Colleague: 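Right, I'll just put the structure down here and ask away after.
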Amino acid sequence: MGIQRSLNIENEDILTGIQGFLTAILASQDIDAMLVPKRTSAGHSIMPVLISHPRELNGVDPISPQFPLNAARQVSKLTKKPSGKKIAVLLRPCEIRALIELVKLKQGDLSSLLLISIDCPGAYSNKEWASQCATQDMPDAAEFIEHRLSGRDLPIAKACDACEWPVAALADIQIGFFGMDYRKQLLVLFQTAKGEMLADEMALESVQVPEHRSRQLNEYISNRRSAKAQMFENVRKKTNSLTNLEVYFEACVNCYNCRVACPVCYCRECVFNTDVFDHDSYQYLVWARRNGSIKLPCDTLFFHLTRLVHMSLSCVGCGQCTNACPNDIPVSDLFRMVGEDTQAAFDYEAGFDPDQALPLSEFKENEFLDVAGV
Amino acid sequence: MAEFNPIIIAFVCNWCTYTAADLAGTSRIGYPENVRLIRVMCTGMVDPQYIIKAFLEGADMVLVSGCHPGDCHYINGNYKARRRIKLLHAILPTIGIERDRLKLTWIGASDGIQFARTMQELVVQAKGMGPGSGRPEIMT
Ligand code: SF4
Ligand code: SF4
Ligand code: FES
């Protein structure tokens with residue numbers, strides 16, 4: 001069941017340890033380039049950067065509690081057509097799940113990729129991150145991990161607080177700190193054939209996965225589940241009628257940022273950008289007359305409900321829609337909740353099994369017989 | 001207070017349910033005018049957006065009705081419709097649109113009588129449920 005190694009950390013400098021490991025991966029004959037989160041030159045942001053020269057690995061920072069975008073869409077750009085190159089990509093668990101959905105939608109391909117992931121303790125929203133940077137030095141990543149594992153309350157993104165998948169299921173190589181004395185030693189799991197091929201080149205020591213790992217993970221996950229239950233309970237009350245839903249989205253200005261930020265909003269051209277919604281001037285007056293008035297821009301709920309129908313089956317709960325909303329609407333609370341309902345209806349789990357077909361991509365004669373009838 | 005007169009938007013397949021409605025008409029079997037038929041070439045072309053739009057515009061009930069399983073003229077359009085309705089059934093109740101406000105039925109071309117009966121039954125149900133939440137106040 002895979003190869004288990006340990007990555008020793010010197011001087012409690014986790015970041016340098018991980019950078020060293022990534023340098024070794026990039027040096028491998030089998031890898032041509034690497035997509036990794038890297039600090040921007042001004043230092044306050046982290047963005048995915050495609051690196052082909054090891055010199056550029058300086059500044060790579062995959063443990064900073066910052067998650068400005070879901071990089072699955074960027075990986076899709078790199079793999080939707082064959083490039084003949086092998087690329088290592090370092091992604092959070094929810095980015096990998098989004099990527100799996102894009103692969104099923106034929107907007108990405110896993111065959112040229114080496115998937116690396118690190119245990120994920122969550123991240124701050126963009127706004128919270130900016131305000132933390134304004135009042136103090138960059139939040140310390142190791143301390144952040146420590147607080148998250150000890151259950152201390154941090155103002156992290158709600159989606160992350162409610163996320164029960166801190167470990168990627170499908171990574172070829174998983175770097176772990178759950179259950180480890182991670183200021184000294186990280187776990188490195190080579191868990192697939194692709195991953196195992198690289199294990200020997202990495203010159204790491206063999207290690208047993210400590211028993212403590214699953215204990216600590218389970219405790220962390222059960223805390224996340226309670227946070228999720230709480231979140232669902234709140235959002236359910238706030239969205240249980242069209243009137244309440246209107247209140248929920250009352251600050252929405254139809255900017256569609258949530259859709260742009262969503263890694264699994266898959267349409268090449270969104271119908272809300274087409275002529276279908278470029279209504280005649282006269283039409284607005286007809287609507288206003290029929291209803292007494294009409295709010296402009298209109299079609300706000302229509303937009304959000306359409307998005308729920310189109311992509312909730314693939315929602316991975318990454319929270320980026322909320323992160324992108326200029327008006328602080330908790331979009332992902334609702335999408336995650338509805339996504340769980342729709343996925344359950346089809347016995348489907350977004351982002352796990354690449355061989356499980358998308359629910360709306362197959363249709364059978366003898367199924368869901370109870371749907372029809374008066 | 002005037003009696004509540006529900007509006008039922010029915011997307012009906014040209015080859016089956018629409019033909020059945022036609023047959024009901026030519027056989028002089030009446031059906032309630034609450035039902036507004038929208039003829040489509042197949043239930044497989046009923047985009048869930050049409051259904052959402054109908055509810056947002058004030059429909060009290062939406063019906064999608066097509067050919068019996070195995071009879072779809074485009075082979076599997078009705079199976080696609082079934083999965084889409086299943087999807088909507090998982091979403092709409094969360095936002096206060098009860099599952100029973102969205103119906104799917106199979107009514108074949110020769111089922112004029114069944115068509116009329118089904119429409120009557122739906123109107124009874126819609127009246128029982130009261131106005132849908134998307135109804136603009138001025139309309140009610
Ligand atoms: S709807 Fe929001 S939470 Fe779900 S995948 Fe898209 S961006 Fe992430
Ligand atoms: S990002 Fe926010 S304001 Fe913009 S469309 Fe989405 S919910 Fe509305
Ligand atoms: S042709 Fe009637 S449902 Fe497809």
Side-chain angles (χ1 to χ4, degrees), chain A residues 232 235-236 238-246 248 271-272 276-277 287-294 298-310 312-313 334-335 337-346 348 358-374, chain B residues 43-44 47-53 55-58 61 63-66 68-70 72 75-97 99-100 102-107 114 117-122 124-125 132-139:
Chain A
F232 284 3
V235 72
R236 224 172 261 289
K238 289 189 193 151
T239 56
N240 60 4
S241 68
L242 282 179
T243 321
N244 282 347
L245 198 64
E246 240 160 47
Y248 198 79
V271 63
F272 284 88
V276 176
F277 287 89
W287 281 325
R289 203 176 63 183
R290 203 199 58 169
N291 299 355
S293 68
I294 181 169
C298 57
D299 296 321
T300 306
L301 284 194
F302 195 19
F303 164 70
H304 290 291
L305 291 175
T306 299
R307 216 166 77 77
L308 278 173
V309 168
H310 282 178
S312 68
L313 283 166
L334 174 66
F335 277 67
M337 180 181 76
V338 171
E340 212 171 90
D341 291 345
T342 54
Q343 291 171 32
F346 291 95
Y348 180 79
L358 291 164
L360 292 193
S361 70
E362 55 172 15
F363 309 90
K364 298 185 195 105
E365 179 166 355
N366 280 311
E367 60 172 11
F368 305 130
L369 300 180
D370 59 329
V371 173
V374 279
Chain B
T43 55
D47 190 310
Q49 265 201 306
Y50 304 170
I51 296 168
I52 292 170
K53 180 75 171 168
F55 281 122
L56 289 177
E57 293 292 314
M61 188 183 264
L63 167 72
V64 176
S65 186
H68 285 275
C72 172
I75 300 165
N76 55 15
N78 47 2
Y79 304 152
K80 295 179 181 166
R82 185 164 56 194
R83 281 210 174 206
R84 291 175 190 145
I85 303 279
K86 168 102 184 147
L87 173 64
L88 284 163
H89 277 164
I91 297 177
L92 296 177
T94 306
I95 56 165
I97 298 172
R99 186 190 189 278
D100 274 343
L102 174 58
K103 302 280 191 185
L104 174 69
T105 59
W106 314 129
I107 299 175
Q114 198 206 328
R117 272 202 203 126
T118 305
M119 298 308 126
Q120 278 150 9
E121 166 64 22
L122 292 183
V124 170
Q125 285 191 27
S133 49
R135 212 165 228 261
E137 271 165 32
I138 288 189
M139 260 171 66

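All values derive from a computational prediction rather than experimental measurement. Protein chains get the first letters and strands the later ones, always in sequence-line order, with residue 1 at the start of each.
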Colleague: I'd like to know which of A:Val271, A:Leu305, A:Leu245, A:Asp341 tops the heavy-atom pair count under 4.5 Å against chain B.
Modeller: A:Leu305

Colleague: Out of A:Val338, A:Asn366, A:Val309, return the one with the most heavy atom pairs under 4.5 angstrom to chain B.
Modeller: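 Heavy-atom pair counts peak at A:Val309.
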
Colleague: Is there side-chain contact between B:Glu57 and A:Trp287, with at least one heavy-atom pair below 4.5 Å?
Modeller: yes

Colleague: Which heavy atom of B:Arg83 sits nearest a heavy atom of A:Phe346, and at what distance?
Modeller: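 So the two residues come closest at O-CZ, 3.4 Å.
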
Colleague: Give the minimum heavy-atom separation between A:Leu301 and B:Leu56, together with the two atoms involved.
Modeller: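 Residues A:Leu301 and B:Leu56, closest heavy atoms: C-CD1, 4.3 Å.
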
Colleague: Side chain from CB out, backbone as N, CA, C, O: work out which of these in B:Ile97 comes under 4.5 Å of a heavy atom of chain A, or both, or neither.
Modeller: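 Contact with chain A is through the side chain of B:Ile97 alone.
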
Colleague: Nearest 0.5 Å, please: how far is CD in A:Glu362 from CG in B:Asn76?
Modeller: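 The CD atom of A:Glu362 is 12.0 Å from CG of B:Asn76, to the nearest 0.5 Å.
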
Colleague: Please examine the side chains of A:Pro359 and B:Leu87, heavy atoms only from C-beta on, and report whether any two atoms are closer than 4.5 Å.
Modeller: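 Result no, sub-4.5 Å side-chain heavy-atom pair not found.
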
Colleague: Select one option (side chain, backbone, both, neither) describing which atoms of A:Thr243 are under 4.5 Å from chain B's heavy atoms.
Modeller: neither

Colleague: Are A:Lys364 and B:Arg82 packed together at the side-chain level, in the sense that at least one heavy-atom pair is separated by less than 4.5 angstrom?
Modeller: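 No, their side chains stay 4.5 Å or more apart.
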
Colleague: So which part of B:Leu88 gets closer than 4.5 Å to some heavy atom of chain A, the side chain, the backbone, both or neither?
Modeller: side chain

Colleague: Non-hydrogen atoms of chain A under 4.5 Å away: do they reach the side chain of B:Gln49, the backbone, both or neither?
Modeller: both

Colleague: What distance do A:Met337 atom CE and B:Ile91 atom CD1 have between them, rounded to the nearest 0.5 Å?
Modeller: 11.0 Å

Colleague: Say you draw a straight line from NZ of B:Lys53 to OG1 of A:Thr306; how long is it, rounded to the nearest 0.5 Å?
Modeller: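 Answer for the NZ-OG1 pair, B:Lys53 versus A:Thr306, is 9.5 Å.
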
Colleague: Which heavy atom in A:Val374 sits nearest to a heavy atom in B:Lys103, and how many Å separate them?
Modeller: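 Minimum heavy-atom separation between A:Val374 and B:Lys103: C-NZ, 3.5 Å.
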
Colleague: Going from CD1 on B:Ile52 to CG on A:Leu308, what distance comes out if it is rounded to the nearest 0.5 angstrom?
Modeller: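 One gets 8.0 Å once the value is rounded to the nearest 0.5 Å.
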
